[in-house]
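Chain naming here is simple, since letters A, B, ... match the order of the sequence lines and numbering starts at 1 in each.
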Amino acid sequence: MSASVEPTPVSPAAGARRRRGRAPASAVFLLGLALAVAFGPPLCRWFGLDGESIDLLRRLEPPGTGAPLGTDELGRDLLVRLLEGGRVSLAVGLLGALLAAAIGTALGLLAGFARGAIDALIMRATDIVLALPLLPLLVVLAAVDPGKLGVPAELVASAAFDVTRIVLLVALFGWPTTARLVRAGTLSLEAAEFVRAARALGASPLRIALRHVLPGLAGPITVATTLAIGQVVLGESVLSFLGLGIRPPTPSWGNMLTHAQELLWHAPLLALWPGLAILLTVTACNLLGDALAEAADPRARRP
Amino acid sequence: MTGYLLRRLVETALSILIVAFALYALVDLMPGDPVDLMLQADPRLTSADVARLKALHGLDRPLLERFVAWLAAALSGELGYSRLYSLPVVEVLWPRLLATLALVGTSLILAVLLALPLGIWAALRPGSLADRAINLLAFVAFSVPSFWLALLAIVLFAVLLGWLPAGGEPSEPGLLAFARHAALPVATLTLLGLGPVLRFVRAGLLEALREPCIRTARAKGAGTARIVLLHALPQAMPTLVTILALQVGGLLSGALVVETVFAWLGMGRLIYEAIMGNDYNLALVAVLVGTAAVLLANLLADLLHARLDPRVRLG
């Protein structure tokens with residue numbers, strides 16, 4: 001073996017440069033994607049592409065003729081569906097990650113400040129939630145009849161309800177990572193001199209938590225939220241694929257693939273685009289989150 | 001050790017109890033109950049019949065009271081019947097459990113067998129082309145939607161190449177037919193489980209290789225293979241066990257998707273079918289068994305971790 005046993009990178013500076021290049025690339029990609037899904041659909045309509053009306057004479061058309069990516073099994077333009085599905089999937093990802101981060105931050109701060117039994121309880125809960133088989137439980141939760149919870153039927157039928165429900169579901173399981181990071185940060189910041197000074201000046205625990213400790217945790221919270229966006233996009237797509245998330249006709253990257261399996265033999269390309277969009281989005285979020293973690297904590301820099 | 005063991009056992013039992021109650025309450029909130037379903041099947045039932053039937057089966061009693069009764073019956077081995085299959089739940093569940101165990105177990109073992117050499121290779125040459133390629137593989141395995149990976153596998157190996165069946169059960173007996181049907185589901189699930197394991201093997205080994213004891217061993221003339229296998233890897237082992245246990249929950253989630261796409265008759269598909277088919281008793285027991293198995297695997301890993309790592313002292 002020619003490699004040295006002690007890990008001496010080929011060139012540490014080159015490795016760091018390469019990784020620094022990934023963060024802006026991921027950020028630019030996500031920004032471009034956000035712009036595309038925001039302004040793409042109206043632009044496409046202006047060009048005469050139709051993503052809504054069903055046209056059975058134009059089923060499963062190949063890319064090209066008046067439809068840049070072809071048409072789906074109901075004759076709708078695939079590019080428009082992809083962009084509109086992106087709106088839903090990205091909105092769910094962002095909202096779900098923010099809600100999960102908010103819950104995690106609140107619980108992490110509580111655990112870090114309360115110490116003792118409350119801390120132990122919250123930390124055991126994070127361990128257990130991290131170990132749970134997520135999808136079977138999400139499937140059970142998604143199958144609950146909202147009518148029995150007193151939600152009016154016309155609200156249940158709306159697309160906004162689907163989005164709200166899925167955001168609540170993923171946030172329910174997405175908080176542990178943030179909670180752990182925030183608790184660890186709280187414990188180390190609590191010992192800092194400026195926090196002790198604030199305490200000596202008579203600041204209440206709530207004020208110390210919100211005004212002195214929380215701002216110092218912006219780094220880890222941002223990292224956890226960025227990574228969570230990718231996980232939520234994945235979770236939404238799986239649930240929608242199974243028919244338990246965003247329901248058609250509202251498109252999402254997940255439910256666009258629900259019928260792809262029956263059509264694999266006729267139109268294998270149909271399954272390609274939504275999945276690729278999910279893969280690229282989640283990879284970009286993960287790369288960006290990793291780079292942010294490295295920037296926030298240079299000591300954790302990996303060779 | 002005994003104190004720790006006892007505490008963790010109680011904790012795990014308590015968690016399972018909480019999950020059981022949560023599931024029971026959720027099932028109660030699903031559309032329709034058994035009597036409503038009977039009503040659909042038989043239009044001659046009057047509302048007085050419905051009320052009498054609900055009282056007969058105790059459906060008019062408060063939730064907690066019903067849960068305690070259900071729990072007592074479940075603990076004595078009475079898990080009730082499946083509506084979809086018209087069989088006792090245990091009889092439906094058992095073969096499915098074995099099928100999933102085979103799928104998840106094989107995938108987990110294969111993921112480790114792949115992750116160890118790849119992770120070692122990457123950790124010995126950080127920053128090299130091989131390391132970057134292996135890192136990319138781990139990243140993709142992290143970020144790929146499970147169902148899409150399964151669909152791609154079908155497109156490539158069943159539709160375009162025609163090498164392997166797209167799913168289902170083997171029509172003829174024999175090991176080869178079984179292996180051909182298992183190949184795509186197992187490969188998909190293995191790749192899904194590979195990401196975290198691979199990343200950890202690489203990171204854990206890199207950390208271990210920085211320890212002074214490695215330099216000492218190096219100075220004493222130990223070769224690369226000896227250093228990795230006898231000095232560095234054992235240091236990373238205890239944490240690897242914990243990481244693997246955490247993967248079991250993720251793999252069960254993956255199994256739900258993979259089994260559904262490939263028509264593999266396992267627990268994951270059973271859970272999905274039971275939920276979609278309003279077979280709530282079956283869904284309740286199946287999800288509970290899956291969750292309990294995952295929590296017990298984690299308990300086992302914690303105990304193993306403590307045995308493997310002499311630095312962990314249990315109070």
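If you tally non-hydrogen atom pairs under 4.5 Å between each of Thr281(A), Val140(A), Leu134(A) and chain B, the highest count goes to Val140(A). By number of non-hydrogen pairs under 4.5 angstrom with chain A, the leading residue of Leu295(B), Asn278(B), Ile154(B), Ile275(B) is Ile275(B). Your options are Asp127(A), Leu244(A), Leu130(A), and the one with the most heavy-atom pairs under 4.5 Å with chain B is Leu244(A). Between chain A and the residues Ala286(B), Gly249(B), Ser253(B), Ser15(B), the most heavy-atom pairs under 4.5 angstrom are made by Ser253(B).
For the pair Met276(B) and Val139(A), the minimum side-chain heavy-atom distance is 4.5 Å or more. Within the 4.5 Å cutoff, no side-chain heavy atoms of Ile128(A) are placed close to those of Glu11(B). Taking the side chain as every heavy atom from C-beta outward, Leu141(A) and Leu26(B) approach each other to under 4.5 Å. At least one side-chain heavy atom of Asp290(A) sits under 4.5 Å from a side-chain heavy atom of Phe139(B).
With rounding to the nearest 0.5 Å, the separation of CG in Leu272(A) from CG in Leu152(B) is 7.0 Å. Atom-to-atom distance recorded for Arg8(B):CZ and Arg124(A):CZ is 4.5 Å, nearest 0.5 angstrom.
Using a 4.5 Å cut-off between heavy atoms, Val140(B) contacts chain A through both its backbone and its side chain. Within the 4.5 angstrom heavy-atom criterion, no atom of Gln247(B) approaches chain A. Only the side chain of Leu23(B) comes within less than 4.5 Å of a heavy atom of chain A; its backbone N, CA, C and O stay farther away. When heavy atoms are compared at a cutoff of 4.5 Å, Ala297(B) does not approach chain A at all. Looking at Val294(B), the atoms closer than 4.5 Å to chain A (heavy atoms on both sides) all sit in the side chain, from C-beta outward. At a 4.5 Å heavy-atom cutoff, Met267(B) makes no contact with chain A through either its backbone or its side chain. For Arg226(B), no part lies near chain A; criterion is any non-hydrogen pair under 4.5 Å. In this structure, chain B has heavy atoms under 4.5 Å from both the backbone and the side chain of Leu276(A). In this structure, no portion of Leu280(A) lies under 4.5 Å from any heavy atom of chain B. Proximity to chain A (any heavy atom under 4.5 Å) is shown, for Leu29(B), by both the backbone and the side chain. Contacts between Leu234(A) and chain B at a heavy-atom distance below 4.5 Å involve the side chain alone, from C-beta outward. Within the 4.5 angstrom heavy-atom criterion, only side-chain atoms of Leu256(B), from C-beta onward, approach chain A.
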Pair Leu242(A)-Phe147(B), side-chain contact (heavy atoms from CB on, under 4.5 Å): steps then yes or no: CA-CA 9 Å; Leu242(A) 292 172; Phe147(B) 57 94; over 6 Å; no
Residue pair Phe241(A), Val261(B): steps toward the side-chain contact (heavy atoms from CB on, under 4.5 Å) verdict: CA-CA 11 Å; Phe241(A) 170 74; Val261(B) 174; 3.9 Å; yes
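Using a distance-only test at 3.5 Å, with no hydrogens or angles considered, no donor-acceptor pair links the side chain of Trp148(B) to the main chain of Ile278(A). With hydrogens and angles disregarded, no donor-acceptor distance shorter than 3.5 Å links the side chain of Thr283(A) to the backbone of Ser143(B). Although no hydrogens or angles enter the test, the distance criterion places no donor-acceptor pair under 3.5 Å between the side chain of Tyr272(B) and the main chain of Pro136(A).
Listed here is the closest heavy atom pair of Pro145(B) and Ser237(A): CB-OG, 4.2 Å.
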